> 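Just dropping this structure here.
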Amino acid sequence: MFSMFSLLSLLALSILGQADLIPFIADKGYDAGEYGAYPMQEFKSTRIRAPRVNIMASSPRCDDDGQYIFLNPRGRAVPEANPMILDSAGNLVWTLDGKNHGETYNLGVQEYKGEQYLTFWGGNDAVGGHGQGKYYMFDSHYNQIRELSSVGSIDGDLHEFYFTDNGTAILSVYEISQLDLSPLGGPENGWVWDGSFQEIDLETGELLFQWKSSSHYTAEDCYHKYTGGGTSPSGPFDYYHINSVKKDEKGNYLVSARYTHTITYIDGRSGEVLWQLGGKRNNFTDLSEGRATDFRWQHDAQFHEDGTVITVFDNGAEAGLFESEFSRGMRIRIDTDAMTAQLDTEYVNPQHTLSSSQGSMQVMENGNVLVGFGYDAVYTEFSPNGVALCDVHFAAQSSWETGDVQSYRVHKHAWVGRPASKPDLVVEGSSAYVSWNGATEVHRWVLEESDYVQIDGALAGDAASVKGFEGEVGEAWYPVQTVEKVGFETELRFGVEVKKYVRVVALDKDGRVLAASMPGTTRLDVDVAGIYFGFRIQDSDSTPLVILICLGTLATAILGVVYAGLAYRRKLDRVAYQKLLADEADDVVEVGDEEQRLLDRRLYAVEEGGLSGDGSGAQRGFAAR
Ligand SMILES: *[C@@H]1O[C@H](CO)[C@@H](O)[C@H](O)[C@H]1NC(C)=O
Ligand SMILES: *[C@@H]1O[C@H](CO)[C@@H](O)[C@H](O)[C@H]1NC(C)=O
């Protein structure tokens with residue numbers, strides 16, 4: 001069925017003009033690493049590259065129109081750890097081109113003052129399981145409009161950057177505090193990474209609220225094995241590991257901490273712990289034989305349905321400690337009057353992936369659940385009741401748990417991208433290749449041709465075609481063909497009859513023009529001369545003419561240099577002669593017209609014969625009348 005599908009899509013794509021390589025379909029060689037840990041593809045129209053994914057399962061139930069996958073592939077096998085958007089078929093939609101934001105994490109879409117923004121963290125993630133960096137906001141034109149920081153001396157952490165409906169952002173910070181580590185066998189006056197979060201006003205950057213784990217959690221709550229450290233502030237021990245914070249309608253916070261296996265509900269005013277799900281001080285009676293509260297090393301806890309449901313990604317493992325059979329998304333029903341917890345649904349992917357770090361779980365509007373497996377390069381979309389519908393590997397399965405390719409979280413959102421840049425066009429042979437990094441509204445590409453173009457305000461191309469062109473002098477473009485956009489890059493082919501220039505115009509689904517690419521030249525040999533002289537030389541005999549023009553220009557230049565040299569030398573001679581006159585100043589008279597004529601003649605003789613021989617005598621004789 002898959003091979004049938006891939007054959008059909010290959011056929012369809014070759015007709016439609018997709019230039020991308022199509023995704024792998026349940027390819028065993030891919031997962032064995034036969035094409036490398038992170039198979040990528042290059043394009044002709046842009047330098048950016050895209051991963052080639054392996055689609056293990058797909059379903060129309062994952063194809064909500066206008067929804068995309070947001071991730072941050074990074075790791076040893078990833079050349080640039082940049083944020084990335086893919087469509088549901090695994091095609092590249094956008095990636096950050098070149099700009100260096102360090103390692104990046106947690107790309108998502110968030111709303112601020114009614115506008116949608118891309119948000120992500122970028123910085124140094126080699127601090128010890130967390131990060132120190134900045135938070136970035138990009139608008140729908142992919143312009144970076146804000147760079148935000150945490151408040152205080154320690155840069156913001158990578159784990160959380162989340163906008164509330166009230167125009168505030170919540171971010172995680174790993175402060176350094178003192179804590180008694182003796183329960184773990186460490187120093188009594190120990191030092192720890194103090195899992196903290198801040199709520200800041202997005203408008204002003206003002207700190208509105210701060211919470212620190214060390215005021216509420218002790219080393220006794222910790223499951224993370226103590227293997228030394230924590231003896232000084234330069235080597236703190238990570239005992240809590242905050243990794244998600246969300247705020248609810250009541251103004252309280254839900255916090256996930258990996259090393260205490262806790263999901264904690266925190267009073268938004270006092271910071272007091274209201275209750276705790278999981279961990280050593282669990283407050284809930286587990287109605288599911290322990291399966292509702294036994295999550296460990298988990299990530300991404302969130303409330304749903306007015307706080308009666310909690311979802312979380314349960315890793316079930318950490319480095320070197322693979323305690324569970326598989327990682328799972330969990331949907332837990334809680335009753336905070338009876339203090340009971342019940343496991344509603346588990347979301348386990350077909351490979352029974354057991355991911356020892358990172359990961360995410362998102363419940364979408366249609367009830368489907370997207371789970372990102374963090375350290376393992378796979379994301380799976382499930383039906384609400386836990387059936388895996390779509391399953392995508394973005395690196396070889398053989399590379400999972402190696403650190404070669406990973407994405408902290410994977411999100412799915414609706415997004416409209418309208419790049420500030422023009423579409424990228426490259427003409428090669430009889431094909432035009434076009435792509436437009438980040439554009440989500442392109443439905444069709446129209447290839448257009450023209451005999452002349454405006455280049456830096458000057459007209460280049462065929463002068464003849466300007467005649468008969470009514471109205472102001474501009475470019476006259478004529479459509480050649482229209483092709484539906486599929487994938488990231490599209491190829492449009494043209495015949496030998498094509499005019500000198502082509503460009504590609506993007507149309508949306510209603511046929512409205514979104515943008516046009518810069519023109520590309522279909523025949524490159526006449527380009528320079530054509531632009532320089534503002535008219536088009538006939539293609540057939542253009543080469544001899546260009547050579548002739550170049551030779552002519554060269555000859556003119558040489559003549560110019562020779563003339564300038566002679567003039568300069570003439571000036572030197574005049575100066576020398578004036579000096580001689582001055583030396584014999586006694587009976588020198590003014591040089592009249594006749595004398596000047598003779599002088600010129602003499603200089604001419606000097607130029608002809610040089611100053612050798614008895615030239616000086618001749619000069620003296622001439623001047624001393
Ligand atoms: C938003 O602000 C209102 C009023 O200040 C407050 O009651 C509410 O809890 C806040 N909600 C969030 C999500 O911060
Ligand atoms: C939760 O458990 C702790 C002890 O483990 C207890 O002190 C606290 O009162 C309990 N809270 C609730 C809301 O049950």
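In each ligand, atom 1 is the first atom listed, and ligand 1 is the first ligand listed. Everything numeric in this text was worked out from a predicted model, so none of it was measured.
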> In terms of residue, atom name and distance, what is the protein heavy atom nearest to atom 5 (O) of ligand 2?
R281 CB, 3.6 Å
> If the test is side chain to side chain donor-acceptor pair (under 3.5 Å), which one of W275, W211, Y217 qualifies with T264?
Y217
> Please determine whether side-chain contact (heavy atoms from CB on, under 4.5 Å) holds for the pair D125 and Y408, giving the CA-CA distance in whole Å, both sets of side-chain angles, and the decisive distance to 0.1 Å.
CA-CA 11 Å; D125 66 345; Y408 167 56; over 6 Å; no
> Scan the protein's non-hydrogen atoms and note whether one is under 4.0 Å from atom 7 (O) of ligand 2.
no
> On the ring face of F24, is R52 found with NZ or CZ under 6.0 Å from the centre and within 45° of the axis?
yes
> With K246 as the cation and Y162 as the aromatic partner, state whether NZ or CZ is under 6.0 Å from the six-membered ring centre and within 45° of the axis.
yes
> L274: heavy atom below 4.0 Å from ligand 2, yes or no?
yes
> Considering non-hydrogen atoms of the protein only, which is the closest contact for atom 14 (O) of ligand 2, and what is the distance?
N283 ND2, 3.2 Å
